[in-house]
Structures are given as C-alpha cells and as structure tokens.
Amino acid sequence: MFEAKLQQGGLLKKILESVKDLVVDGLWDCDGAAITLQGMDSSHVALVEMLLRAEAFEHYRCDRNVTLGMNHNHLSKILKCANNDDIVILKAADQNPDSCSLILESKNGEKTSDFVVSLVRIDTDQLGIPETEYSAHVKMSSGEFQRICRDLSQFGDAVQITCSKQDVKFSSSGETGKANITLTHSATVDKEEESVTVDLKEPVDLTFALRFLNLFTKATPISDTVTLSLSQEAPLVVEYKIGDSGHIRYFLAPKIQE
Amino acid sequence: GRKQTALTSFFKKM
C-alpha cells in the first residue's frame, strides 16, 4: 500500500496552489524514496516538476510504485478544508487505484475529516529534461521576484532578462513605454534571503512570457529564495526549494526573434 | 516580433 503522513498540511496546500493553475491534471508518481509530479501547461510552453522526498513526511510507506492521476481542482477543494497545522494522511491501494484517501487530523486530535478523491486517467507526454550547464544563475528573494513579475506585467506581456557580470536586468515594454528593473549582486550578505547573487559564465539575454512567470510565483510561500537558471536559446528554470526535502522547478520556453 | 517556442522543441518526449 501507499501511505504518507505529513505533519504540516500547510505544505501540501502550498504545493498544490503552486501547480494547480498551470497543470489541471497531474500524475503523482510515488515510489519508496519520494513523490514526484511532472506536468505541462496545455500549450506545452511551461512545465512544472515537483519532488518531495520521503524525509518530508512523518511516516512514509510505499510498497510498490504507484501513480496517482490527480485532478488538482478536486484535490484543492479537499485541502481548502485543511488548516495549515492539520496533519494530512494520503492513502492509496497498490495496484491501479481508482481513488485516493485523504485524512485530515487537527493538531489537538479532536477533529478528523476524511475524503476520497476519484483519480483520473491522464494521457500525457512525460519529457526527459537533460542535465544542462547553465550560463547564469541568479539567486534572489522570492518575494522580490514575484514583485518584479507583477510590476512589469503592467507594461508588457513579456520580460527580457539580461545578465551581465554584476547585475540582472528585467525589462518590459509596450504601449505605455519601457520599464527596466536592475538588481545588483549584493556586496555584503546580511540576510541570505534578501541578497542577490549573480553567478555568470556567459552573458545571457532572453525573453519570456510574463503570464507564465506570474503563475510560477504562486510558489513564493514555499521558499524565501528563488533561483533562476538561464542559457541562451534554452528554457529558463525557476526553482523553489522545499526545505531540504525537495523542490518545485518550473521550465519556460523562451520567445525567440522571428 | 518574437515567437513563443514550445518546450518540446528543447526537451524530448520520453
């Protein structure tokens, strides 16, 4: 059987919030080591990959690999019933389960709610993501990244990201004119979560659709920092760490000159 | 203008 008990149900709520607007139906692959999810948006421009290792759970048992086809809107309805400090238990049978049980327990043990979510058949292409050496890595506050994407959306539907040795520039333009926001590599680091790190091998200059970046920033509550990995003519990677026990990575195909 | 590329042109289907 598959059984996973998460002490802080709020984490699962946050994970779901960060994937459900991008991917409606997702395959949750469970094996002895971790739960993984990979899904693309309907236009095949963006992809989300989530990894949550067994260590994240208070109790984790997976006798046989099992794949749960989850409708994220249905799962979200159940998790709306959970408080952040509720315990969440996921349960499913071993072989081709057609449903998954979710049990919510209040912290004081006085309230238990249980739900059965019907699983869905999902025919989806899984993509092999190659190991890539990126030209630039930018690590920054996740809240600042969210702010920049939101602010620039007022000016255009795409953002140009340019990395040079010491800074990263986010630019957007449209009918109102042009907006540039430049972050400079932090000279001193007082608080790691507020500092900006630009690690550059080669300069990059890429353009991405802001609509998707704004969806990615739904993961902001998961981590204080975010890492952007960029290479010329390659998809952008936006990564949020889930503590020491996993990550949410978003991949976004660039817009290229016609 | 710029054209939106698809992820499948960078990553192979498994």
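Throughout, protein chains are lettered first and strands after them, A, B, ... in sequence-line order, and every chain is numbered starting at 1. Computed from a predicted model, the values in this text were never measured in an experiment.
- The side-chain contact (heavy atoms from CB on, under 4.5 Å) test with B/Gln4 is passed by exactly one of A/Ile256, A/Thr207, A/Val45: A/Val45.
- When the shell of 6.0 Å around NZ of A/Lys218 is examined, it contains 12 or fewer heavy atoms from other residues, nucleotides or ligands.
- In the displayed structure, A/Asp98 atom CG is contacted under 6.0 Å by at most 12 heavy atoms of other residues, nucleotides or ligands.
- Contacts with chain A were tallied for B/Met14, B/Lys13, B/Arg2; B/Arg2 has the most, counting heavy-atom pairs under 4.5 Å.
- A/Pro235 approaches B/Phe11 most closely through the heavy-atom pair CG-CZ, 3.8 Å.
- The distance between the ring centers of B/Phe10 and A/Phe251 does not fall below 6.0 angstrom.
- B/Leu7 has its side chain out of reach of A/His44: every pair of non-hydrogen atoms, C-beta onward, lies at least 4.5 Å apart.
- Chain B forms more heavy-atom pairs under 4.5 Å with one residue of A/Ser43, A/Ala158, A/Pro254 than with any other, namely A/Pro254.
- Atom CD of A/Gln257 has more than 12 neighbouring heavy atoms from other residues, nucleotides or ligands inside a 6.0 Å radius.
- For A/Glu131, the CD atom is loosely surrounded, since the number of other residues' heavy atoms within 6.0 Å does not exceed 12.
- Using a 4.5 Å cut-off between heavy atoms, A/Ala234 contacts chain B through its backbone alone, with no side-chain atom that close.
- Across A/Ala253 and B/Ala6, no two heavy atoms sit closer than the pair CB-C, 3.9 Å.
- Of the possible donor and acceptor atoms, none in the side chain of B/Thr5 sits under 3.5 Å from a partner among the backbone N and O of A/Lys255.
- Contacts of B/Lys12 with chain A are made by backbone atoms alone, with heavy-atom separations under 4.5 Å and no side-chain atom involved.
- Residue A/Arg147 qualifies as open at atom CZ: its count of foreign heavy atoms under 6.0 Å is 12 or below.
- Within a 6.0 Å radius of CG in A/Asn96, no more than 12 heavy atoms belonging to other residues, nucleotides or ligands are found.
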Under 3.5 Å donor-acceptor pairs involving side-chain atoms of residues 24-35 of chain A, not counting sequence neighbours:
residue	atom	partner	partner atom	Å
A/Asp25	OD1	A/Asn71	ND2	3.2
A/Trp28	NE1	A/His72	NE2	3.0
A/Asp29	OD1	A/Thr67	OG1	2.5
A/Asp31	OD1	A/Ala33	N	2.9
A/Asp31	OD1	A/Ala34	N	3.0

